[in-house]
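Reading through the structure tokens given below for one structure.
What you see is a predicted model, and the numbers here were worked out from it, not measured in a lab. For the single chain, residues carry numbers from 1 onward in sequence order.
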Amino acid sequence: MTPATGEPSRGRRTARPSGDDRELAILATAERLLAEQPLSAISVDDLARGAGISRPTFYFYFASKDAVLLTLLDRVVAEADAAGLDPSLLPAAGPRAGWRHVITTYYESFRARRALIRAWAEARATNTEIRELWARVFADWTQRCAVAIDAERARGTAPPGPPALELAILLTSMNERALYATFSGDGPAVEETGIVEALLEVWLRAIYGASPVD
């Protein structure tokens, strides 16, 4: 209604989406398209069209489709980290519950984005930024796990063994490959219903030399 006359206003435009809305629309479009086809089959025009914007407007927000993928990876990693490993929780929770929480957190974060996992793997072969970001993420996760392993050894819960960082690198690498195979169907894979418990059992035996009850 117009303030002066109380009559319906004419020709009033709907509110334009904000910059954040456009960016979110591009990211949502990317996730939707990646669930249907590989990254190599998706163009910038596809992303712009799906987000309801022009190609020039797309480039205002992202330099390329790989930049979209990089932002999505950042967001998923941040989500996983928000509920990830806190070494101080292990003594209170107990080894089995504590490490199950760690593995389940990353399993749940990436299970919901299985299409993105395939796209990231594809992009890492050619995109330096995505490869370097993943390397930093991997290094951070392995360092956190190494700190937790050393803490468990220091309090006598876990026996001495190979350097904690080396063990963490091997275990985290196993998780990465196993979860990728489960979510992508690339090669022999453990069923989704059993992957967390299978990984957990390997972690517990590698760190503690047995399978702790608590």
Parallel, tilted or perpendicular: ring planes of Trp134 versus Trp141, cut at 30 and 60 degrees:
perpendicular

Indicate yes or no for a side-chain donor-acceptor contact from Trp120 to the backbone of Leu69 under 3.5 Å, with no hydrogens or angles considered.
yes

For Thr142 and Ala168, work out which heavy atoms get closest and say how close.
O-CB, 3.3 Å

Single-linkage hydrophobic cluster, 4.5 Å side-chain cutoff, Leu165 and Leu167 together:
no

Could you tell me if the ring centre of Tyr208 sits under 6.0 Å from that of Trp203?
no

Closest approach of Ala30 to Leu72 (non-hydrogen atoms, all atoms of both residues):
CB-CD1, 4.0 Å

Is the shortest side-chain N to carboxylate O distance from Arg114 to Glu108 below 4.0 Å?
no

Within the structure provided, determine whether Ile117 and Ser184 are in side-chain contact (heavy-atom separation under 4.5 Å).
no

Distance from Phe60 atom CZ to Glu23 atom CD, nearest 0.5 Å?
10.5 Å

Counting only heavy atoms not in Glu31, do more than 12 sit closer than 6.0 Å to its CD atom?
yes

Got a donor-acceptor contact below 3.5 angstrom from the Arg113 side chain to the Ser109 backbone?
yes

Yes or no on side chain to side chain contact (heavy atoms under 4.5 Å, CB included) for Arg49 and Arg55, after CA distance, side-chain angles and deciding distance?
CA-CA 8 Å; Arg49 189 180 308 113; Arg55 183 185 178 94; over 6 Å; no

Short side-chain to backbone donor-acceptor contact, Thr172 and Ile169, under 3.5 Å:
no

Can Arg124 and Glu132 be counted as an ion pair, charged N to O under 4.0 angstrom?
no

Please give me the minimum heavy-atom distance between Pro159 and Arg153, naming the atom from each residue.
O-NE, 3.4 Å

In Å, rounded to the nearest 0.5 Å, how long is the span from CG of Leu171 to CG of Leu199?
9.5 Å

Report yes or no: do Met174 and Ile207 belong to one cluster of Ile/Leu/Val/Met/Phe/Trp/Tyr joined by side chain heavy-atom distances under 4.5 Å?
yes

Donor-acceptor pair, Thr182 side chain versus Val190 backbone, under 3.5 Å?
yes

Surrounding CD of Glu191 (heavy atoms of other residues, nucleotides or ligands, distance under 6.0 Å), is the total greater than 12?
no

So OG of Ser54 and OH of Tyr59: to nearest 0.5 Å the spacing works out to 11.0 Å

Determine the minimum heavy-atom distance between Ala146 and Ala164, stating which atoms define it.
O-CB, 3.6 Å

Could you check His101 against Thr104 for side chain to side chain contact (heavy atoms under 4.5 Å, CB included), going step by step and ending with a plain yes or no?
CA-CA 5 Å; His101 168 73; Thr104 301; 5.9 Å; no

Could you state the interatomic distance from CZ (Phe110) to CG (Asn175), rounded to the nearest 0.5 Å?
11.0 Å

Could you give me the CA-CA distance, side-chain angles and deciding distance for Arg118 and Glu122, then say whether salt bridge (Lys or Arg N to Asp or Glu O under 4.0 Å) is met?
CA-CA 6 Å; Arg118 293 191 294 268; Glu122 180 183 345; over 6 Å; no

State whether Arg177 and Asp186 are salt-bridged, where the test is any N-O pair (Lys NZ or Arg NE/NH1/NH2 against Asp/Glu carboxylate O) under 4.0 Å.
yes

Starting at OH of Tyr180, measure out to CD of Glu176 and round the result to the nearest 0.5 Å.
10.0 Å

Do Leu73 and Leu116 have side chains that get closer than 4.5 Å, going by heavy atoms?
no

Of all heavy-atom pairs between Asp66 and Ala123, which one has the smallest distance, and what is that distance?
OD1-CB, 4.4 Å

Working for salt bridge (Lys or Arg N to Asp or Glu O under 4.0 Å), residues Asp140 and Arg136
CA-CA 6 Å; Asp140 178 58; Arg136 291 195 299 272; over 6 Å; no

Are Leu170 and Ile103 connected into the same hydrophobic cluster when the rule is that any two of I, L, V, M, F, W, Y join if their side-chain heavy atoms are below 4.5 Å apart?
no

Salt-bridged, Arg96 to Glu201, with N to O below 4.0 Å?
yes

Do you know which two heavy atoms are closest between Lys65 and Ile42, and how far apart they sit?
NZ-O, 2.7 Å

Sole residue of Ile26, Thr29, Leu47 in side-chain contact (heavy atoms from CB on, under 4.5 Å) with Ile53:
Ile26

Drop me the distance from Phe62's CZ to Arg22's CZ, to the nearest 0.5 angstrom.
13.0 Å

